[in-house]
Amino acid sequence: MRRLDVNLGARGYPVLIGAGLLGDADDWAPQLGTRSLIVTSETVAGLYVDRVREALGKHPHAVHVLPDGDSAKSLDHVERIVSAALDAGVARDGTFIALGGGAVGDVTGFAAAVYQRGVGYIQAPTTLLAQLDSAVGGKTAVNHPLGKNLVGAFHQPRCVITDVDTLKTLPPRELRAGLAEAIKYALLEGESLFDRLDAMMPRLLEAEPEATTELVHRCCSIKARFVEHDETDHGERALLNLGHSFGHAIESAYAGKLLHGEAVAIGCVMAASLSRALGWLEPGLFGRIEGVFRAAGLPVGLPAPAPAAAEIIERMQRDKKVTDGVLKLVLLHRLGQAELTGDYPYAALVLTVREFVEAAG
Ligand SMILES: NC(=O)c1ccc[n+]([C@@H]2O[C@H](COP(=O)([O-])OP(=O)(O)OC[C@H]3O[C@@H](n4cnc5c(N)ncnc54)[C@H](O)[C@@H]3O)[C@@H](O)[C@H]2O)c1
C-alpha cells in the first residue's frame, strides 16, 4: 500500500492506495464517525458494497443506492441522500462514504457539505478517473439543467481509500477514459512521468495493480501539490484544466456519445495543436503527445460526424474560464511547462477548431 498526505492543516487528509483496501477493516476504522451512510451506485453496489459492509463490521451504517452515471448528480438526489441519512440517524459526527466513480464522489461530497451544515465524508473511488483525479481535492458538485457542476462546494474528504483491485471490473472504455486524465498529468509534470506512463501503458491497460498503484500515487501527489497551493482554484490549480476548455465543449456538442476522458484526450491534442500553430510547442512534441493518447486507445481527433466549428467555439465561449469576453486556455510550451493565457490570436483558435472539424470529414 502507498500513502500520501494532502497537507491542508486542519482540513488535511491521507490518501491510501493499494490492492484489496476496501475489505481492510484497519483502513476504515480510524476514519469513521458514530454512524455512517454508504452512498453508491447500482453497478458498484452489486459488486462492492458487501465487501465494505463486512469491513465496517459492527459499526452502525446504512446504504443508499443512486443510479449509475451523471444522472445521479442532481439536487433531487442530494435531497434523497439527505433523507436517507436522516432515516438512518446520521448525526453531525457521522460520516458519508462515497463508494463509486466520480459521479458518486461529487454528489456525495456535496451532500456531505450541506447535510446539517457539513459532515465528514470518505472517498472510496472505483473508477480510474476518480482514483487518480476526482476523489482528491475537495471539489464537489451537482449539475443544473443549464450546465455541468453549476451547484457545488469545496469540501475536503476526511480520507481517500483507493482499492485498485476494483478496476478489474471496470469496462475497458472507462479505464481508457481515466488514462486520459493521467496523460494530462504527465503533460503538466514533465518528461519523467510522461516516459514512465508510456513504458507502463500495456500493464495499465490490463489494470495491473502494481502499475496502477504507482500511477495513481504519482497523479494524486501532483494534484495534492496543486490543491495545497490553491485549494479554491483561483490560481495555478487552473492548469489542471489542460484540454478541458476544448474537452467540455466537445463533450457537450457530442451529447453523451463521448466519455469525459475521451473528450479530454481530444481536447489535449487540440490544445497541443494550437500551441504548435502559435510556435510555442517544442519541435517534435506534438507527435509524441498524439502517440501516447493513441497508445492508450484514446481518440486524437473528432469522430465523424463532427459538429460545426462555430458550435464548438460557441460552447467554448460559455466556459467558466471566460473573463471580460476573453477565453483563457491552458497551452503548452514543453512537457512540464504549461500556461493559462488569454494572450493568443483568436483567429488561431478558430483555425485549429476548423482543422479538427475538417479532418473528421
Ligand atoms: N470533483 C472533481 O475534481 C472531478 C474531476 C474530474 C471529473 N469529475 C466528475 O466525475 C464524473 C465522471 O466520473 P467517472 O469517469 O468515474 O464516471 P462515473 O462515476 O459516471 O462512472 C462510470 C461508470 O462506471 C461504473 N463503475 C464505477 N466503478 C466501477 C467498477 N469498479 N466496476 C464496474 N463499473 C464501475 C459506474 O457505475 C458508471 O456507470 C463526472 O461527473 C465529472 O464531472 C469530478
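Counting convention: from 1, in listed order, for ligands and their atoms alike.
The shortest heavy-atom distance from G100 to ligand 1 is not under 4.0 Å. Distances from ligand 1 to the non-hydrogen atoms of G69 include at least one value under 4.0 Å.
Rounded to the nearest 0.5 angstrom, D133 CG and E181 CD are separated by 4.5 Å. Taken to the nearest 0.5 Å, the OG1 atom of T140 stands 9.0 Å off from the CG atom of N149. In this structure, the separation between CZ on R51 and OG1 on T166 is 8.5 Å, given to the nearest 0.5 Å. Here the OG1 atom belonging to T169 is positioned 4.5 Å from the CG atom belonging to L47, to the nearest 0.5 angstrom. Between the CZ atom in R176 and the CZ atom in F293 there is a gap of 14.0 Å [rounded to 0.5 Å]. To the nearest 0.5 angstrom, T108 atom OG1 is 7.5 Å from Q123 atom CD.
Below 4.0 Å from some heavy atom of L47 lie the following atoms of ligand 1, by number and element: 32 (N), 33 (C). Numbered from 1 in the order shown, with element, the atoms of ligand 1 that lie under 4.0 Å from a heavy atom of S41 read 37 (O). Close contacts between ligand 1 and V44 involve ligand atoms 26 (N), 27 (C), 28 (N), 29 (C) [criterion: under 4.0 Å to a heavy atom]. If you number the atoms of ligand 1 from 1 as listed, the ones under 4.0 Å from a heavy atom of Y48 come out as 31 (N).
Distance from atom 23 (C) of ligand 1 to its nearest protein heavy atom, with residue and atom name: E174 OE2, 3.8 Å. Of the protein's heavy atoms, D68 OD1, 4.0 Å lies nearest to atom 36 (C) of ligand 1. For atom 27 (C) of ligand 1, the closest non-hydrogen atom on the protein side is T127 CG2, 3.3 Å. For atom 17 (O) of ligand 1, the closest non-hydrogen atom on the protein side is G102 N, 4.2 Å. Closest to atom 9 (C) of ligand 1, if we only count protein heavy atoms, is D106 OD2, 3.4 Å. Considering only non-hydrogen protein atoms, atom 28 (N) of ligand 1 sits nearest to T126 OG1, 2.8 Å.
Between H248 and H244, the ring planes are perpendicular. Angles over 60° get that label, and only those under 30° would be called parallel.
The N/O atoms of T169, backbone and side chain alike, include one that comes under 3.5 Å of an N/O atom in ligand 1. Of the polar atoms of D70, at least one N or O is found under 3.5 Å from an N or O of ligand 1, judged by distance alone. Remark: ligand 1 and L167 share no N or O pair separated by less than 3.5 Å (distance only, no angle test). Of the polar atoms of A103, at least one N or O is found under 3.5 Å from an N or O of ligand 1, judged by distance alone. For ligand 1, none of its N or O atoms has an N or O atom of T140 under 3.5 Å away.
What you find for V330 and N241 is that their closest heavy atoms are CG2-C, 4.1 Å. Closest of all the heavy-atom pairs between A306 and A360 is CB-CB, 3.7 Å. Nearest heavy atoms, L197 versus A186: CD2-CB, 3.9 Å. The two atoms that bring G101 and A130 nearest to each other are C-CB, 3.9 Å, heavy atoms only. Considering all non-hydrogen atoms of both residues, D106 and K139 come closest at OD1-O, 3.7 Å. Taking all atoms of both residues into account, the shortest heavy-atom contact from P157 to A135 is CG-O, 3.9 Å.
Both the backbone and the side chain of L170 come within contact range of ligand 1, each with a heavy atom under 4.0 Å. With a 4.0 Å heavy-atom cut-off, ligand 1 is reached by no atom of E181. Residue contacts with ligand 1 for K223 involve side-chain atoms from C-beta outward but no N, CA, C or O (heavy atoms, distance under 4.0 Å). The proximity of T43 to ligand 1, defined as any non-hydrogen pair under 4.0 Å, is limited to the side chain. Contacts of K148 with ligand 1, taken as heavy-atom pairs under 4.0 Å, involve the side chain alone. Using a 4.0 Å cut-off between heavy atoms, N149 contacts ligand 1 through its side chain alone, with no backbone atom that close. Heavy atoms of S134 found under 4.0 angstrom from ligand 1 belong to the backbone as well as the side chain. Contacts with ligand 1 closer than 4.0 Å are made by no heavy atom of L259, backbone or side chain.
Between Y115 and V90 the shortest side-chain heavy-atom distance falls below 4.5 Å. Taking 4.5 Å as the limit, some side-chain heavy atom of L240 sits within range of a side-chain heavy atom of L188.
Taken together through direct or relayed side-chain contacts under 4.5 Å among Ile, Leu, Val, Met, Phe, Trp and Tyr, Y48 and V160 form parts of separate hydrophobic clusters.
Between atom 12 (C) of ligand 1 and the options T166, L129, T40, L128, the minimum heavy-atom separation is to L129. Which of R237, Q131, K73, E42 comes nearest to atom 43 (O) of ligand 1 through a heavy atom is settled by distance: it is K73.
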